[in-house]
Protein chains: 2
Amino acid sequence: MADLSIDVVAKAAGVHRSTVSRAFSRPEAVKSETREHILRVAEGLGYTMSPLAQALRRKTSTFVPLIVPDITNPFFAELAKTMTQAADDRGYQLLLCVTNGDPAKTEGYFTAMQAMYAPFGIVAPSTKVDTDALKRFDFGHKVVVIDRVEDDASVPTVTVDSRRGITLALEHLRSLGHTSIGYVSGISGTHTAQDRMDAYLELSSEGNSTPLVLDSGSDPDAGARAAKHYLEMENPPTAIIAANDMVAFAVVSALGQSGIRVPEDVSVMGFDGLALGARFNPPLTTVRQPIADMGNIAIELAEKQNLNGSVDHVVLEPELLVRASTSGPRK
Amino acid sequence: MADLSIDVVAKAAGVHRSTVSRAFSRPEAVKSETREHILRVAEGLGYTMSPLAQALRRKTSTFVPLIVPDITNPFFAELAKTMTQAADDRGYQLLLCVTNGDPAKTEGYFTAMQAMYAPFGIVAPSTKVDTDALKRFDFGHKVVVIDRVEDDASVPTVTVDSRRGITLALEHLRSLGHTSIGYVSGISGTHTAQDRMDAYLELSSEGNSTPLVLDSGSDPDAGARAAKHYLEMENPPTAIIAANDMVAFAVVSALGQSGIRVPEDVSVMGFDGLALGARFNPPLTTVRQPIADMGNIAIELAEKQNLNGSVDHVVLEPELLVRASTSGPRK
DNA sequence: GCTCAGTTTGAGATCGATTGCTGAGATCGG
DNA sequence: CCGATCTCAGCAATCGATCTCAAACTGAGC
């Protein structure tokens, strides 16, 4: 498999390389016989165009970076999975960029994506997105954020309705008979995390029950601390809402280590709807985010923006997913 | 931030573009004063070289594809995470490629990596790797496989010692007093999966206990089926080894749904050592694979091979990780 | 002051594509 | 049968870098 350039194909097909180029990228500009002949020859040689050379010349590529803080977090993994597919379907190639929450790395990826002529990028942040930083890179108009942003003006976003999600969770738990419902935050400072917490605080007191935040840290140990806190309480809540599934796992695990059983002793809910939750012990009741939709819509928004400059903010509906980690309160 | 080409920097620094090029990529070939001046100017302009143009001209890039079947599987996610880091440290950029087990997609990624002048690629397979297919792409000598391969000759590999891992698991369980130890496979047809199973079969009978395979399927439901099988047995085993952590999760979950408690009623072990296992309920006892090492070594092997053509096969040592899903057998 | 070796920089071709421009045939009405 | 219009393919410049070759400069030695 020797070096296969456009010139090789051109020679083999007996035409000029510009014709080969057109045969591929502007079919209507070349007589269909010629086109088919070229395509056949190319096929026979096993030729595909160099995305590098193409991007260099066109000053636009099909590389779409997805910037996530931690691929080990199943939420981002699921997002990455569905987005890979979505990107593929539209002829893009998704580049996974993992920042480990390091803003410097994030900037690095931004300059890289610029250098690669990426048509746009998707950011799933671990902290509130710094819109100014985006602007500084001259593509505030080329990024879609999977979180809410402060300064709504310029950056398209897709999120799920946090308030609605918390409402769903609260309703589910109340319908089961719970009146004392705790909350553990445990995810870092995104707007989404903030919104969920705020919604809990507000909706919880509306329902006449006093909010009860077991932990509001943002590290992986939040679950363990929440459990410890729970054990030390005189009147612990009969149900707990975790800000996301991972935290819920940690809470249940830590509780279990101290002999507290879920849902017999206390009900626990998550928020995310990870596939993993179905194989947890017990299978986790949760609020499902439409992750696949988020991925698709993020790309659509980006394309739309590239086309006509429109900046949309899509808010998706979450959905209650009842599995086995919740039940009526123990009396 | 206008278009920043090497020529712009050259003009700004008052030198020819070849000098700028050298200042960056062959420091010793340019007088250090000039070099520093150029670097300063470039810095001031915020210039970075185009990886595209560079790759095109050099016919080699720093893009390293990591081909995995499913990023949603935490094992691959952890691998991706550590490899991203390892790649970064060595000046490579990892491109995550997800195949969903589709061989056509795998081939697609191969041609893509060729087109991008990737110096090498890493493959974490979902099925036995087809070495012939690799050869067909003229870079049997540019891929490292994270699994054993049939035809050892040509492709470097890194794996962990399956037999040793199973030994560790068996010893742990036996030291706890278990004599009847079941196995559930549940991962697809890699050599690794095969090796673990074979090791179990062999080592299990050596210990005078008869092997007891609860399920050998390869789909996500293997865990549930194994649990069902367990429940139907007259003399179920007192301990179960799962071929990997994910399957272990599923087994414990399914068992739990039927009121069987781990480790009180039955001990369950995993194989992988996922971070997630520490937050399972109960925290999972498992055989840890040195995932970070695997990533680093994979890249080292690739580099070494690129350098001097050597094809190594590294076999790493697994390690017992005792958490809370195992205990003495119930009497 | 001159030669010669060694450093350092500049010129220009090149990697694999795209694209505006130009010219060669084909088509068509009169 | 002729010129106008339209298709279609070739030419050559270009994207942003690298690299070989040669020119210019440096300094040592005589």
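Throughout, protein chains are lettered first and strands after them, A, B, ... in sequence-line order, and every chain is numbered starting at 1. Keep in mind the model is a prediction, meaning the values are calculated, not measured.
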With heavy atoms under 4.0 Å as the rule, sort [X] into base, sugar-phosphate or nothing.
X     : value
B/V20 : nothing
A/A55 : nothing
B/Y47 : sugar-phosphate

Practice task
For residues 84-93 of chain B, pull every pair meeting salt bridge (Lys or Arg N to Asp or Glu O under 4.0 Å), keeping only residues two or more places apart or in separate chains.
Solution key: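 Listed once each, the pairs are B/R90-B/E300, B/R90-B/E303.
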Could you give the [atom1]-to-[atom2] distance, from [X] to [N], as a whole number of Å?
X     : N      : atom1 : atom2 : result
A/M49 : C/dA17 : CE    : P     : 7 Å
B/D7  : D/dC15 : CG    : C1'   : 10 Å
B/L56 : C/dA13 : CG    : P     : 18 Å

Problem - Within residues 37-44 of chain A, residues whose heavy atoms come under 4.0 Å of DNA chain D - result: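 Contacting residues: none.
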So which protein N/O to nucleotides 23-25 of chain C N/O distances come out below 3.5 Å?
none

For [X], give me all partners under side chain to side chain contact (heavy atoms under 4.5 Å, CB included), at least two apart in sequence or on another chain.
X     : answer
B/A80 : A/I71, B/L66, B/I71, B/L96
B/P69 : B/F76, B/T99, B/S126
A/D70 : A/T72, A/N73, B/K81
A/T60 : A/R58, A/P119

Under 4.0 angstrom between [X] side-chain N/O and [N] OP1 or OP2:
X      : N      : answer
B/Y117 : C/dC15 : no
B/K59  : C/dG16 : yes
B/T34  : C/dT9  : yes
A/Q54  : C/dT18 : yes

Practice task
Go through the steps for A/I67 and A/I122 under the test side chain to side chain contact (heavy atoms under 4.5 Å, CB included), then give the verdict.
Solution key: CA-CA 6 Å; A/I67 301 181; A/I122 315 285; over 6 Å; no
N/O-N/O pairs, protein side and nucleotides 19-22 of chain C side, under 3.5 Å:
unit_1 : atom_1 : unit_2 : atom_2 : d
C/dG20 : O6     : A/R22  : NH1    : 3.4

Exercise for the section: Check whether any side-chain heavy atom of B/I146 sits under 4.5 Å from a side-chain heavy atom of B/T159, and report yes or no. Expected result: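 No, too far: nothing below the 4.5 Å cut-off.
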Practice task
For A/K304, enumerate each residue passing the side-chain hydrogen bond (donor to acceptor under 3.5 Å, both in side chains) test, keeping only those at least two apart in sequence or located in another chain.
Solution key: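 For A/K304 the side-chain hydrogen bond (donor to acceptor under 3.5 Å, both in side chains) partners, ignoring immediate neighbours, are A/D312.
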Handout entry: B/S32: partners by side-chain hydrogen bond (donor to acceptor under 3.5 Å, both in side chains), with sequence neighbours left out
Key =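 If we apply the side-chain hydrogen bond (donor to acceptor under 3.5 Å, both in side chains) test to B/S32, skipping adjacent residues, there are no hits.
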Please set out all donor-acceptor pairs under 3.5 angstrom arising from side-chain atoms of residues 5-29 of chain A, sequence neighbours excluded.
unit_1 : atom_1 : unit_2 : atom_2 : d
A/S5   : OG     : A/D7   : N      : 3.1
A/H16  : ND1    : A/S18  : N      : 3.1
A/H16  : ND1    : A/S18  : OG     : 2.5
A/S25  : OG     : A/S21  : O      : 2.9

Handout entry: Non-neighbouring partners of B/Y92 that pass ring-ring contact (aromatic ring centres under 6.0 Å, His included), sequence neighbours left out
Key =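 Scan of B/Y92 (ring-ring contact (aromatic ring centres under 6.0 Å, His included), adjacent residues dropped) gives B/F120.
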